[in-house]
Amino acid sequence: MSLSSLSPSTEKQYKNLTLHSSISAFSINNQMEKYSTFVCLLLLLLLLLFQQASPSPNNDQAAYIVYFGEHRGDKAWHEIEATHHSYLTSVKDTEEEARSSLIYSYKHSINGFAAVLSSEEASKLSEMDSVVRVIRSEKYSTQTTRSWEFSGVEEDKPRLNDLVSRAKFGKDVVIGMLDSGVWPKSKSFSDKGMGPIPKSWRGICQTGPAFQSAHCNRKIIGARYYLKGYENYFGRLNETEDYRSPCDKDGHGSHTASTAGGRRVFNVSAFGGVARGTASGGAPGARLAIYKVCWAIPKQMKILGNVCFDTDVLAAMDDAIADGVDVLSLSIGKADPYNYTDDGIAIGALHAVKKDIVVSCSAGNYGPTPSALSNFAPWIITVGASTVDREFYSPVILGNGFKIRGLSVAPSMLKRKKMYPLVYAGDIMKPHVPKNQSGVCVAGSLSHEKARGKIVLCYRAEGISRYAGSLEVKRSGGAGMILGNVPAVGRKLHADPHFVPATAVSYEDANIILKYIKSRTNPTATIVPPITIYGSRPAPAMANFSSRGPNPIDPHILKPDITAPGVDILAAWSGEDSPTKLPKSLDPRVVHYNLYSGTSMSCPHVAAAAALLRAIHPTWSQAAIRSALMTTATTTNKYGRPITDDASDHSAPATPFSYGSGHFRPSKAADPGLVYDANYTDYLVHLCALKMAHSIDPSFTCPARARAHDLNYPSVAVPRLRGGGGGGVRVVRTVRNVGGSKSAYFFRASAPAGVSVRASPSVLYFSRMGQRKRFTITISGKAEIGGVDGSGYSFGWFAWTDGIHFVRSPIAISSA
């Protein structure tokens, strides 16, 4: 399709489209938070004023979650709903008003309901007996062929004793995916050769447009959708924008589901041949339960992406617990931190872990800003994103023979060995273009006559999509595009499926190309078609977008917990969404598998690893599985050097505030030696130390003394440690032996700068499997505690080793 022949309405859409720089579908929403907050709020206000289906801000109506704690199992469903209804009738004027205001009645593990209330009604309910908390509803944004092999899980050529084979491919473990649904036609969700559905499964198959009962099979064993919270906010779903069913029109849900538990699909590639290999989930034999909670933002909002409401998410988590899932994967989160008592995902996850369900969540795509984490509760595995050792190399060759590194997955239609005229966008701009956009190829900026048949050098700009430039070059008849970074992005490059032959280059290299253009009368260049290469750079490295610590609410818990592959992950895609996530009028391309980046992609990697561990060790608790993953993670790259941070131009070493315990190694986690266990009661005691326990479970009696840093966690964080030898802080931990009947583990440590670290006892002797040993670590500050990353924190580690196992835990200390 030629953009120059677009209809007037589509041309207007192209010019007015909010094209934010995207890392994932959900990071578009993240950028919305940063760049368009005022505009969005204004548009939303106007929208709500004119939609009768949605309450008006003028009458002070909003959705709230009224939380009672947990069900005790003594009431039937209809009795639970009647009880919830009685609370509503006590604050509403009529019976009908009470009934119509109810959005959800949470009936399984989570005791509560969601309803439309005024602030006065919410206040009255919060003062009633048995009501633990009234929470105003908030929005969440939704945050392969090489990643599993790179992580030490042999997907292509399984061996007899490798992790996947030992776990029987995750057979009969159920992974619950809370996302934008699933594209059931993908080969990744075939059930060919799979056995009967586990008898423990209690879920249902909810049908609707594009999703029939036949789409549930022995792979997708359950599917539900939740949109009452969405429709309360936006009005009735526009079914031309999304399916009122579990079917995925967005692509993100299919991508995450296939990464976690998709079947092996051979000879898969993206965009004409890059990333070719076997697409597979980490647990290809696991069963998938789909809970669609994320929906397209209405087009009239003029914002791309999906949105998920905590009223819907909490309903899905409540059902998933009752359905019988073993693992929950949520690649969604918020930009702003909330107390655990006001966070729907945190509350739902706590109920899940009480049933020993492992909960894996994305850390967020708000890096490298400090403390911009999502999902940092200690009962959640919080996952950062890192790179794999694969790049899509597409260099620029200048007319003087100079070759410049570039990355791309854009199919090339340039003639081989032909050099094309090369121009700088700033030199061929139309007269009306503002000076501050010179060199940025925004919509309608380039002269057709001067761009036609040429390769155009464009620069990126903050808040403008990387695809905007290639759309404009195509519209102007250009032969290709070189996209140069801005200084803030530096050397970090994105391989994108542009609309013309194109490649991305660093800011420094873009300036070299510009200097070449300015120094020649007839500059020329060509772009080499992309090829897939391995080992061209150290990996893993931390993605610059991955959210960082310290923990914004609970500084005694080090977050994130772990990192996993989250950059350029190839996985299943929806046939209804373009590979760039731009509207079909702009990008009509259809792909079955797509490359995507974000902590949304790393989260299902860890969910899959948890499923494999649950298959091998069915009696391990959710905390033991998290501990095994964390204490066996690595902090070095494939060359044995420290993991670096892509947020640094000079590839400085990353810290535990970006990678947590390190990059996951699922095969190592199957035999960790020792594990740190914790249960629901332990988490409540931790909440007692934070003065939050009564707001989660009012029936729980807090102990006389509860210390935040004594939760039996596989990492240690001590904020505000006093220096000068003031006695220090004593941290108590307990480990359980899962590595051998008789063993002795010796203490080792690398203390943070300005800190001493000692353990008592310093040797742990075990005489049987399952035996527990308690120890105390004393952390003392010296005269001055150093900080290495500008956060005021200093980092180190301690470990227990028997000569075979190395059970490592990170330490983060601050004196501020």
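Please read all numbers here as calculations on a predicted model, not as lab measurements.
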If you apply the rule side chain to side chain contact (heavy atoms under 4.5 Å, CB included), what do you find for E391 with L407, and how did you get there?
CA-CA 7 Å; E391 286 190 321; L407 298 184; 4.0 Å; yes
Between N375 and T382, does a side-chain hydrogen bond (donor to acceptor under 3.5 Å, both in side chains) hold up when you go through it step by step?
CA-CA 6 Å; N375 305 313; T382 311; over 6 Å; no
Checking side chain to side chain contact (heavy atoms under 4.5 Å, CB included) for the pair S476/E472: CA distance, chi angles, key distance, verdict?
CA-CA 6 Å; S476 303; E472 176 60 12; 3.3 Å; yes
Just do the side chain to side chain contact (heavy atoms under 4.5 Å, CB included) check on S602 and F664 with the steps written out, would you?
CA-CA 10 Å; S602 55; F664 84 148; over 6 Å; no
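In this structure, F402 has its ring center no closer than 6.0 Å to that of Y516.
A salt bridge is defined here as a Lys NZ or Arg NE, NH1 or NH2 lying under 4.0 Å from an Asp or Glu carboxylate O, and R390 with D568 fails to meet this definition. Using a cut-off of 4.0 Å between Lys/Arg side-chain N and Asp/Glu carboxylate O, K518 and D427 are scored as salt-bridged. Salt bridge D250/K581: present, at least one basic N to carboxylate O contact under 4.0 Å.
Scanning all heavy atoms of the two residues, the minimum distance from D646 to A541 falls at OD1-CB, 3.9 Å. Contact detail for N637 and P538: the closest heavy-atom pair is ND2-CB, 3.4 Å. Contact record, T634 with I643: O-CD1, 3.5 Å, taken as the closest heavy-atom pair. Looking at every heavy atom in both residues, S546 comes nearest to G384 through OG-CA, 3.4 Å.
Side chains of T599 and N365: a donor-acceptor N/O pair is present below 3.5 angstrom, by distance only. S447 and E449 share a side-chain donor-acceptor pair at under 3.5 Å. Residues T563 and S386 have side chains that bring a donor and an acceptor to within less than 3.5 angstrom of each other. Under the 3.5 Å distance criterion, with hydrogens and angles disregarded, a donor-acceptor pair is assigned to the side chains of Y459 and N511.
Contact of the R548 side chain with the D645 side chain is registered, since non-hydrogen atoms from C-beta on lie closer than 4.5 Å. At least one side-chain heavy atom of I513 sits less than 4.5 Å from a side-chain heavy atom of L422. Residues P540 and Y659 have side chains not in contact (no heavy-atom distance under 4.5 Å, counting atoms from C-beta outward). P523 has its side chain out of reach of Y424: every pair of non-hydrogen atoms, C-beta onward, lies at least 4.5 Å apart. Residues D577 and N594 have side chains not in contact (no heavy-atom distance under 4.5 Å, counting atoms from C-beta outward). Between R475 and H448 there is a side-chain heavy-atom pair separated by less than 4.5 Å. No side-chain heavy atom of L330 sits under 4.5 Å from any side-chain heavy atom of C603. The shortest distance between side-chain heavy atoms of C458 and V473 falls below 4.5 Å.
Judged by distance alone, the side chain of S470 and the main-chain N or O of V500 form no donor-acceptor pair under 3.5 Å. Under the 3.5 Å distance criterion, the side-chain polar atoms of S578 are left unmatched by any main-chain donor or acceptor of K584. Under the 3.5 Å distance criterion, the side-chain polar atoms of H255 are matched with a main-chain donor or acceptor of I569. In this structure, the side chain of S794 engages the main chain of A753 through a donor-acceptor pair within 3.5 Å.
Between I404 and the options I397, T503, I482, D509, a side-chain contact (heavy atoms from CB on, under 4.5 Å) holds for only D509.
Judged by a 6.0 Å distance limit and a 45° cone about the ring axis, R589 is positioned over the six-membered ring of F499.
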